[in-house]
Q: 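A single structure is presented below for examination.
Worth knowing before you read on, the calculation uses all heavy atoms, side chains too, and leaves out hydrogens, waters and symmetry mates.
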Amino acid sequence: QVQLVESGGGSVQAGGSLRLSCVASANIYRRYCMGWFRQAPGKEREDVAAIDSVETTRYADSVKGRFAISKDYAKNTLYLQMNSLKPEDTAMYYCAADWHLYCSDNGRPRTLHTFPYSGQGTQVTVS
């Protein structure tokens, strides 16, 4: 069983930045597809960013050029750097992981928000 703990959320003004962190209970960063999804009140969950075992990344169109996902193996931490934040980025952000080396399957992206491992979330509010 893998446990994920997110942190780094908060309240910022539009145009500001935040960095979210996700620490796993096991060293999975070289073997799992990992990423972030979010859910705003009254809206469906949305995959935001993913990174696989060889550090291939993908992003939702809504965050491309503003968000960056990365891993720090020494710290066993997954990050989501969020810049140029907009009010529409307001949501609960969740870290997710699953036992896949790659975040795509036959060219189709795996759906992060259906992964079996996810944390409790961290709230991001942009005003």
Q: How far apart are the C-alpha atoms of T90 and V124, what are their side-chain angles, what is the distance that settles it, and do they pass the side chain to side chain contact (heavy atoms under 4.5 Å, CB included) test?
A: CA-CA 5 Å; T90 294; V124 172; 5.8 Å; no
Q: Could you check whether any side-chain heavy atom of M82 comes within less than 4.5 Å of a side-chain heavy atom of L20, counting everything from C-beta outward?
A: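 M82 vs L20: side chains touch.
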Q: For side chain to side chain contact (heavy atoms under 4.5 Å, CB included), just list the numbers for Y94 and L112, CA-CA rounded to whole Å, side-chain angles, deciding distance to a tenth of an Å, and then say yes or no.
A: CA-CA 10 Å; Y94 299 88; L112 295 171; over 6 Å; no
Q: M92, V126: one ILVMFWY side-chain cluster at the under-4.5 Å cut-off?
A: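 Different hydrophobic clusters.
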Q: Let me confirm one number: the CG-OG distance from D98 to S118, rounded to the nearest 0.5 Å.
A: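 With rounding to 0.5 Å, CG (D98) is 10.5 Å from OG (S118).
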Q: Linking I/L/V/M/F/W/Y whenever any side-chain heavy atoms sit under 4.5 Å apart, do Y73 and V5 land together?
A: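 Different hydrophobic clusters.
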Q: State whether the number of non-hydrogen atoms from other residues, nucleotides or ligands found under 6.0 Å of Q3 atom CD is greater than 12.
A: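 Check fails, neighbour count at 12 or below.
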Q: Can you give me the closest heavy-atom contact between M34 and A97, atom names plus distance?
A: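 So the two residues come closest at CG-CB, 4.0 Å.
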Q: Can you find a side-chain donor-acceptor pair between S17 and N83 that sits under 3.5 Å?
A: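 Distance-only check passes for S17 and N83.
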Q: Under a 4.5 Å cut-off applied to non-hydrogen side-chain atoms, are R19 and L80 in contact?
A: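 Sidechains of L80 and R19: no contact.
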Q: If we ignore angles and hydrogens, is there a donor and acceptor under 3.5 Å between the side chains of H100 and D52?
A: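 D52 and H100 do not have a side-chain donor-acceptor pair below 3.5 Å.
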Q: Transitively linked via ILVMFWY side-chain contacts under 4.5 Å: L78 with Y59?
A: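 Same hydrophobic cluster.
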Q: Set out, in order, the CA-CA distance, both residues' side-chain angles and the distance that settles side chain to side chain contact (heavy atoms under 4.5 Å, CB included) for L4 and C22, then state yes or no.
A: CA-CA 6 Å; L4 304 173; C22 172; 4.0 Å; yes
Q: Without swapping roles, check the side chain of R30 against the backbone of L101 for a donor-acceptor pair under 3.5 Å.
A: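 Absent.
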Q: For residues P87 and A14, report the shortest heavy-atom separation together with the two atoms involved.
A: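 Where P87 meets A14 most closely, the heavy atoms are CD-CB, 4.1 Å.
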Q: Test side chain to side chain contact (heavy atoms under 4.5 Å, CB included) on F67 and V48 and set out the steps.
A: CA-CA 9 Å; F67 289 12; V48 174; 3.6 Å; yes
Q: Do S53 and R31 come within less than 4.5 Å of each other through their side chains, counting heavy atoms only?
A: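 No, every pair of side-chain atoms sits at 4.5 Å or beyond.
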Q: Could you tell me if the side chain of S21 sits less than 4.5 Å from the side chain of T77, heavy atoms only?
A: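 They are in side-chain contact.
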Q: Using a 4.5 Å cut-off on heavy atoms from C-beta on, say whether the side chain of V63 contacts that of K86.
A: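 Not touching, per the 4.5 Å side-chain cut-off.
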Q: Determine whether V2 and Y32 make a side-chain contact, defined as any pair of heavy atoms from C-beta on separated by less than 4.5 Å.
A: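 Side-chain contact under 4.5 Å: yes.
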Q: Apply salt bridge (Lys or Arg N to Asp or Glu O under 4.0 Å) to residues D105 and R108 and explain how you reach the verdict.
A: CA-CA 5 Å; D105 181 17; R108 291 188 293 184; 5.9 Å; no
Q: Any heavy-atom pair between the side chains of W99 and Y117 that's under 4.5 Å?
A: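 Contact flag for Y117/W99 side chains = no.
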Q: Would a hydrophobic clustering, with Ile, Leu, Val, Met, Phe, Trp and Tyr connected at side-chain separations under 4.5 Å, put L85 with F37?
A: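 In one cluster: no.
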Q: Out of curiosity, does W36 fall in the hydrophobic cluster containing Y79 (side-chain heavy atoms, cut-off under 4.5 Å, transitive links)?
A: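 Unlinked, Y79 and W36 end up in two clusters.
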Q: Answer yes or no: is there a side-chain heavy-atom contact under 4.5 Å between R58 and P109?
A: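 Yes - at least one pair of side-chain heavy atoms lies under 4.5 Å apart.
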Q: Quick one: is the NZ or CZ of R38 closer than 6.0 Å to the six-membered ring centre of Y93, and within 45° of its axis?
A: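 No, R38 does not sit over the ring of Y93.
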Q: For T57 and I51, indicate whether the former's side chain and the latter's backbone hold a donor-acceptor pair under 3.5 Å.
A: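 It does not hold such a pair.
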Q: Would one find more than 12 heavy atoms of other residues, nucleotides or ligands at under 6.0 Å from atom CD of Q120?
A: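 Count not over threshold, so no.
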Q: Could you tell me whether R110 sits above the aromatic face of F115, with NZ or CZ closer than 6.0 angstrom to the six-membered ring centre and within 45 degrees of the axis?
A: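 Not flagged: R110 not positioned over aromatic ring of F115.
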Q: Decide whether E46 and S62 meet the rule of one side-chain donor and one side-chain acceptor closer than 3.5 Å.
A: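 A pair is found: one side chain offers a donor N or O, the other an acceptor, under 3.5 Å apart.
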